[in-house]
Amino acid sequence: MKIAILSQKESLYSTRRLKEASEERGHTVKVIDYLRCYMNITAHNPKIIYQGEPLEDFDAIIPRIGASQTFYGTAVVRQFEVMEVFVANSSQAIARSRDKLRCLQILTRQGIGLPVTGFAHSTKDIEGLIDTVGGAPLVIKLLEGTQGIGVVLAETRSAAKSVIEAFRGLDANILVQEFIKEAGGADLRCFVVGEKVIASMQRQGAPGEFRSNIHRGGSASAIKLTPEERSTAVRAAKAMGLQVAGVDLLRSNHGPVIMEVNSSPGLEGIEAATGVDVAGKIVAFIEKNAAPGNKRDRVQY
Ligand code: ADP
């Protein structure tokens with residue numbers, strides 16, 4: 001097959017591994033900086049042009065769209081869809097996964113476990129908002145934050161009020177969430193490919209830190225999931241319309257609850273922690289599924 005990896009940098013670990021795995025399995029692979037693609041949007045012969053040449057004859061696309069480039073990145077993925085090329089994750093699924101609120105609204109419709117979450121526009125409604133999640137302690141999140149930045153634990157009601165007012169004063173969209181204390185600063189990253197969890201790890205936050213993000217000093221180790229956790233992760237990826245997804249769960253007193261569903265999950269941490277050839281499994285999935293007409297997104301929101 002001829003595979004394109006849409007990525008800003010060939011040297012990124014995940015990009016490199018996907019390239020290696022594709023080549024090992026006998027495919028031709030090209031890494032394409034999607035920010036340098038331009039498009040010819042016509043009814044009869046839609047095209048994508050890169051470095052002066054049209055990108056043609058690809059059998060499959062692996063999008064690795066950076067969080068800060070969702071708009072242009074998903075436009076490039078969409079153009080491949082228009083050209084009827086198989087995409088490992090669709091443009092719509094990537095776009096919806098980037099908005100935490102939209103993600104939670106979609107998951108809730110499927111009856112998937114979530115922390116109690118509140119959302120409001122006006123600071124006039126702060127008291128009510130805090131009450132919806134059962135009061136302090138609570139977690140406040142910037143809607144489009146990543147790597148744990150913009151995730152704040154407010155231990156008291158007055159701290160919660162100040163932080164909410166400050167974020168809203170900057171015109172940032174935030175959500176508030178029940179604090180899952182019993183998770184003990186740990187979360188589970190479940191790497192889903194197709195309808196299977198192919199690797200899973202636990203991330204534990206640094207001492208005194210409730211956020212488990214590796215970027216915030218957390219450490220990772222392989223973990224065996226319970227059948228309930230496994231099926232929750234698979235259902236969450238499916239609800240979002242993602243075929244390749246990093247689903248983050250917390251272990252709460254009322255079962256697994258979803259933190260987020262990531263459409264370009266990193267490979268480095270999970271391959272190191274588990275020893276699983278995650279890149280190879282993604283390419284194997286593409287080999288099985290990259291048939292024309294197999295790429296329809298069936299999620300409605
Ligand atoms: P990001 O997308 O920036 O990583 P998350 O929403 O995943 O933001 O939050 C970062 C980390 O903070 C999570 O992995 C988890 O460890 C912790 N965390 C987030 N929300 C909660 C919560 N409601 N209760 C307990 N811990 C939380």
Side-chain angles (χ1 to χ4, degrees), residues 65-68 70 94-108 112-119 129-157 159-160 163-164 167 172-192 200-221 223 225 229 232-233 236-237 240 242 245-266 268-270 273:
I65 308 300
S68 57
T70 305
I94 297 168
R96 73 168 78 88
S97 74
R98 288 289 153 86
D99 173 340
K100 285 185 196 200
L101 180 64
R102 187 174 178 189
C103 203
L104 296 178
Q105 287 174 316
I106 292 168
L107 297 175
T108 196
I112 294 171
L114 302 170
V116 178
T117 302
F119 183 68
L129 185 64
I130 293 175
D131 290 337
T132 57
V133 300
L138 57 81
V139 174
I140 302 160
K141 295 186 187 184
L142 284 177
L143 218 50
E144 299 196 5
T146 60
Q147 302 179 347
I149 297 168
V151 179
V152 179
L153 172 61
E155 310 213 42
T156 64
R157 194 174 182 99
V163 175
I164 295 170
F167 278 151
N173 278 314
I174 49 154
L175 53 81
V176 298
Q177 218 163 49
E178 137 195 41
F179 175 48
I180 311 291
K181 186 163 190 254
E182 61 273 23
D187 78 349
L188 306 179
R189 160 58 60 95
C190 314
F191 206 108
V192 178
S200 52
M201 64 176 172
Q202 181 174 48
R203 293 176 299 199
Q204 177 70 54
E209 171 61 71
F210 81 102
R211 296 168 300 178
S212 58
N213 306 70
I214 306 293
H215 287 95
R216 309 266 72 75
S219 56
S221 54
I223 193 155
L225 301 178
E229 287 161 353
T232 301
M240 298 299 297
L242 290 167
V247 180
D248 295 341
L249 301 176
L250 296 186
R251 286 182 162 161
S252 85
N253 289 339
H254 43 99
V257 290
I258 300 269
M259 284 283 96
E260 69 176 334
V261 184
N262 193 318
S263 59
S264 286
E268 188 165 13
I270 192 112

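Just so you know, these numbers use all the heavy atoms, side chains as well, and skip hydrogens, waters and symmetry mates. What you see is a predicted model; the values in this text were computed from it and never measured. Residue numbers run from 1 in the order of the sequence given. When a ligand or atom number is given, it counts from 1 through the structure's own listing order.
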query: Is there a donor-acceptor pair closer than 3.5 Å between any side-chain N or O of Ser200 and the backbone N or O of Ile223?
result: yes
Asn213 contact mode with ligand 1 (heavy-atom cut-off under 4.0 Å): side chain
- line: Counting from 1 in the order shown, the ligand 1 atoms closer than 4.0 Å to a non-hydrogen atom of Lys100 are 1 (P), 2 (O), 3 (O), 5 (P), 6 (O), 8 (O)
- request: For Phe179, counting its heavy atoms only, list the atoms of ligand 1 lying under 4.0 Å from any of them.
  value: 24 (N), 25 (C)
message: If you define the side chain from C-beta out and look only at heavy atoms, does anything of Leu175 sit under 4.5 Å from Leu104?
response: yes
- line: The single option from Ile258, Leu138, Val257 that satisfies side-chain contact (heavy atoms from CB on, under 4.5 Å) with Pro115 is Val257
- prompt: When you measure from atom 9 (O) of ligand 1 to every protein heavy atom, which one gives the shortest distance, and what is it?
  reply: Val151 CG2, 3.8 Å
message: On a heavy-atom basis, which atom in Ala233 and which in Val247 lie closest, and how many Å separate them?
response: O-CG2, 3.6 Å
field: Residue selection (non-hydrogen contact nearest atom 6 (O) of ligand 1) among Glu260, Lys141, Gln177
entry: Lys141
message: Heavy atoms only, cut-off 4.0 Å: how does Arg203 contact ligand 1, side chain, backbone, both, or neither?
response: neither
- request: Check each of Val176, Leu250, Leu153 against atom 26 (N) of ligand 1 and report the one with the nearest heavy atom.
  value: Leu250
query: What are the two closest non-hydrogen atoms of Met201 and Ala220, and how far apart are they?
result: SD-CB, 3.7 Å
message: Could you identify the single nearest non-hydrogen protein atom to atom 17 (C) of ligand 1 and state the distance to 0.1 Å?
response: Phe210 O, 3.6 Å
message: How close do Ile65 and Ile94 get, counting heavy atoms only, and between which atoms?
response: CG1-CD1, 4.3 Å
field: Least distance between heavy atoms, Arg251 atom then Leu188 atom
entry: NE-CD1, 3.6 Å
- request: Report yes or no: does Val139 have a heavy atom closer than 4.0 Å to ligand 1?
  value: yes
message: Among all protein heavy atoms in this structure, tell me which lies nearest to atom 23 (N) of ligand 1, with the distance rounded to 0.1 Å.
response: Glu178 O, 2.8 Å
task: Report yes if Ile180 has an N/O atom closer than 3.5 Å to an N/O atom of ligand 1; otherwise report no.
output: yes
Flag, side chain of Arg96 to backbone of Met240, donor-acceptor distance under 3.5 Å: yes
Counting only pairs under 3.5 Å, give me each side-chain donor-acceptor contact of residues 129-137, with atom names and distances, residues two or more places apart or in other chains.
residue	atom	partner	partner atom	Å
Asp131	OD1	Arg157	NH1	3.1
Asp131	OD1	Arg157	NH2	3.1
Thr132	OG1	Leu129	O	2.5

field: Atom indices of ligand 1 within 4.0 angstrom of Asp187 heavy atoms, with elements
entry: 14 (O)
message: Among all the protein's non-hydrogen atoms, which is closest to atom 19 (C) of ligand 1, and how far away is it?
response: Met259 SD, 3.3 Å
- request: Looking only at protein heavy atoms, identify the closest one to atom 3 (O) of ligand 1 and say how far it is in Å.
  value: Gly148 N, 2.6 Å
message: Among all the protein's non-hydrogen atoms, which is closest to atom 12 (O) of ligand 1, and how far away is it?
response: Arg211 CG, 3.3 Å
- request: Could you please spell out the steps behind the side-chain contact (heavy atoms from CB on, under 4.5 Å) verdict for Ile149 and His215?
  value: CA-CA 9 Å; Ile149 297 168; His215 287 95; over 6 Å; no
